[in-house]
> 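Before I ask anything, here is the structure I am working with.
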Amino acid sequence: MNSTSSQGVVTRRNLIFGIAAAAATAATAPAFASAPAILKGAGSFRSISLVNKRTGDWLNTAYWVEGEYIPEVMDDINFVLRDWRAEAVKKIDPRTIDILSATHRLLDCREPFEVISGYRTKQTNAMLRERSRAVASNSYHIKGMAVDISLQSRSVRQISRAGASLGAGGVGKYSRSDFVHLDSGPVRSWGR
């Protein structure tokens, strides 16, 4: 992440990231043959690549290695996905991060997900609800279980199809606004 990185310092996190990056570079296998397996713990590491253009924060790192989430990286993810309007941070459901990671991997691209919206305070959600009927009053964003994302190189349809193929959570298509909603709630889909 751009605001908390330490250059030249060897930490457990940097070491794990280096191992994960080397493994990712060395891997030439296609995207997941069985996408839901990643949500059940398959693989030796999981990575995530996010950029929040509203805040300038970005992250491209392994967040899970050999069955364990890396607490410091999860804190960084929570920060990138914070409610930037209120400068409020909430713990994001790890299942949501797993869904984002698996969706990104299925899309087979190096471009990071652009974060449109992550965690929202009740106040931010209410303000957005006043502007749009598409905002749910009891949104999964308030619970730290949802993220709205986009990619320059992939369409809303491509992203939503990848997310829906996981069979793990909600997938909303917002073609007019050019983003996809992914959450770790019940399996469902909506939008055009």
Side-chain angles (χ1 to χ4, degrees), residues 1-7 9 11-24 32 35 38-107 109-121 124-125 139-152 154 159 162-163 166 168-172 179-185:
M1 194 168 74
N2 68 349
S3 59
T4 61
S5 296
S6 297
Q7 293 184 349
V9 177
T11 63
R12 175 177 177 253
R13 179 176 165 199
N14 290 341
L15 181 61
I16 290 169
F17 175 72
I19 293 167
F32 299 122
I38 190 64
L39 300 176
K40 296 176 186 172
S44 59
F45 77 94
R46 298 178 193 161
S47 62
I48 189 134
S49 185
L50 303 170
V51 62
N52 188 325
K53 290 194 175 179
R54 294 187 186 268
T55 64
D57 296 312
W58 58 273
L59 187 71
N60 184 16
T61 188
Y63 68 92
W64 183 95
V65 176
E66 295 184 0
E68 293 187 33
Y69 293 97
I70 305 167
E72 302 87 13
V73 177
M74 296 304 285
D75 290 344
D76 288 346
I77 292 169
N78 296 338
F79 184 77
V80 171
L81 297 177
R82 73 191 180 280
D83 181 336
W84 59 270
R85 290 174 178 93
E87 281 302 318
V89 177
K90 181 177 180 83
K91 182 181 180 217
I92 302 298
D93 184 340
R95 295 172 302 166
T96 302
I97 306 308
D98 290 337
I99 291 168
L100 280 170
S101 175
T103 300
H104 195 263
R105 185 89 180 257
L106 284 170
L107 292 165
C109 69
R110 295 189 186 272
E111 172 191 357
F113 274 135
E114 181 178 333
V115 176
I116 309 301
S117 184
Y119 166 64
R120 295 182 200 147
T121 63
T124 295
N125 199 70
S139 171
Y140 281 99
H141 289 278
I142 297 170
K143 301 172 186 179
M145 295 173 63
V147 180
D148 297 338
I149 46 89
S150 68
L151 288 169
Q152 296 292 320
R154 301 294 188 273
I159 299 167
L166 299 172
V171 179
F179 73 86
V180 173
H181 168 100
L182 296 174
D183 70 49
S184 55

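Only this structure's heavy atoms are used, side chains among them; waters, hydrogens and symmetry mates stay out.
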> For R46 and D98: C-alpha separation, side-chain torsions, deciding distance, then whether salt bridge (charged side-chain N to carboxylate O under 4.0 Å, His left out) applies.
CA-CA 8 Å; R46 298 178 193 161; D98 290 337; 2.9 Å; yes
> With the side chain counted from C-beta on, respond yes when R82 and T55 share a heavy-atom pair under 4.5 Å apart, and no when they do not.
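In short, these two side chains touch, coming nearer than 4.5 Å.
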> Do D148 and H141 touch side chain to side chain, with heavy atoms closer than 4.5 Å?
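Sidechains of H141 and D148: in contact.
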> Parallel under 30°, tilted from 30 to 60°, perpendicular over 60°: which one fits the rings of Y69 and Y63?
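Geometry flag for Y63 against Y69: parallel rings.
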> More than 12 non-hydrogen atoms from neighbouring residues, nucleotides or ligands closer than 6.0 Å to CD on E87, yes or no?
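Count over threshold, so yes.
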> Carefully, step by step, assess V115 and V51 under the rule side-chain contact (heavy atoms from CB on, under 4.5 Å).
CA-CA 6 Å; V115 176; V51 62; over 6 Å; no
> Kindly give the heavy-atom pair with the smallest separation between W64 and S44, and that separation in Å.
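In this case the closest contact between W64 and S44 is CZ3-C, 3.9 Å.
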> With a 4.5 Å cut-off on side-chain heavy atoms, are F113 and L151 touching?
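With C-beta onward as the side chain, the pair touches.
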> Taking S101 for the side chain and S47 for the main chain, is one N or O donor matched with an acceptor at less than 3.5 Å?
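At least one qualifying donor-acceptor pair exists.
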> What's the spacing between I77 CD1 and L50 CG if we round to 0.5 Å?
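Here the rounded value is 6.5 Å.
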> Within this structure, what is the CG-OG distance for the pair N125 and S117, rounded to the nearest 0.5 Å?
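One gets 8.0 Å once the value is rounded to the nearest 0.5 Å.
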> Answer yes or no: is there a side-chain heavy-atom contact under 4.5 Å between R85 and R120?
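Side-chain contact under 4.5 Å: no.
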> If you define the side chain from C-beta out and look only at heavy atoms, does anything of D76 sit under 4.5 Å from T61?
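No, every pair of side-chain atoms sits at 4.5 Å or beyond.
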> Going from CZ on R105 to CG on L100, what distance comes out if it is rounded to the nearest 0.5 angstrom?
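Here the rounded value is 15.0 Å.
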> Any sub-3.5 Å donor-acceptor pair from N52's side-chain atoms to D57's backbone N or O?
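Side chain of N52 to backbone of D57: no pair is present.
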> How close do A86 and T121 get, heavy atom to heavy atom, and via which atoms?
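Distance-wise, the nearest heavy atoms are CB-CG2, 3.9 Å.
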> Below 4.5 Å, heavy atoms only, C-beta onward: do E111 and R154 meet side chain to side chain?
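Contact flag for E111/R154 side chains = no.
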> Provide the closest heavy-atom pair for S150 versus I116 in the form atom of the first, atom of the second, distance.
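In terms of heavy atoms, the two residues are closest at OG-CD1, 3.8 Å.
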> With rounding to the nearest 0.5 angstrom, report the OG1 to CD1 distance, T103 to I159.
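T103 atom OG1 to I159 atom CD1 measures 9.0 Å (nearest 0.5 Å).
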> For the backbone of G144 and the side chain of D93, can you confirm whether one donor and one acceptor N or O come within less than 3.5 Å of each other?
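No; judged by distance alone, with no hydrogens or angles, the pair does not exist.
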> Check whether any side-chain heavy atom of L81 lies under 4.5 Å from a side-chain heavy atom of I97, and answer yes or no.
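They are in side-chain contact.
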> After noting the C-alpha distance and the side-chain angles of K91 and M74, does the key distance pass the side-chain contact (heavy atoms from CB on, under 4.5 Å) rule?
CA-CA 8 Å; K91 182 181 180 217; M74 296 304 285; over 6 Å; no
> Please test Y119 against I92 for side-chain contact (heavy atoms from CB on, under 4.5 Å), starting from the C-alpha separation and ending with a verdict.
CA-CA 7 Å; Y119 166 64; I92 302 298; 4.0 Å; yes
> Check D183 against I99 and note the closest heavy-atom contact, atom names and distance.
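Smallest heavy-atom distance, with atoms named: O-CD1, 3.5 Å.
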> Using side-chain heavy atoms (C-beta onward) and a distance below 4.5 Å, is L182 in contact with V147?
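No, side chains not in contact.
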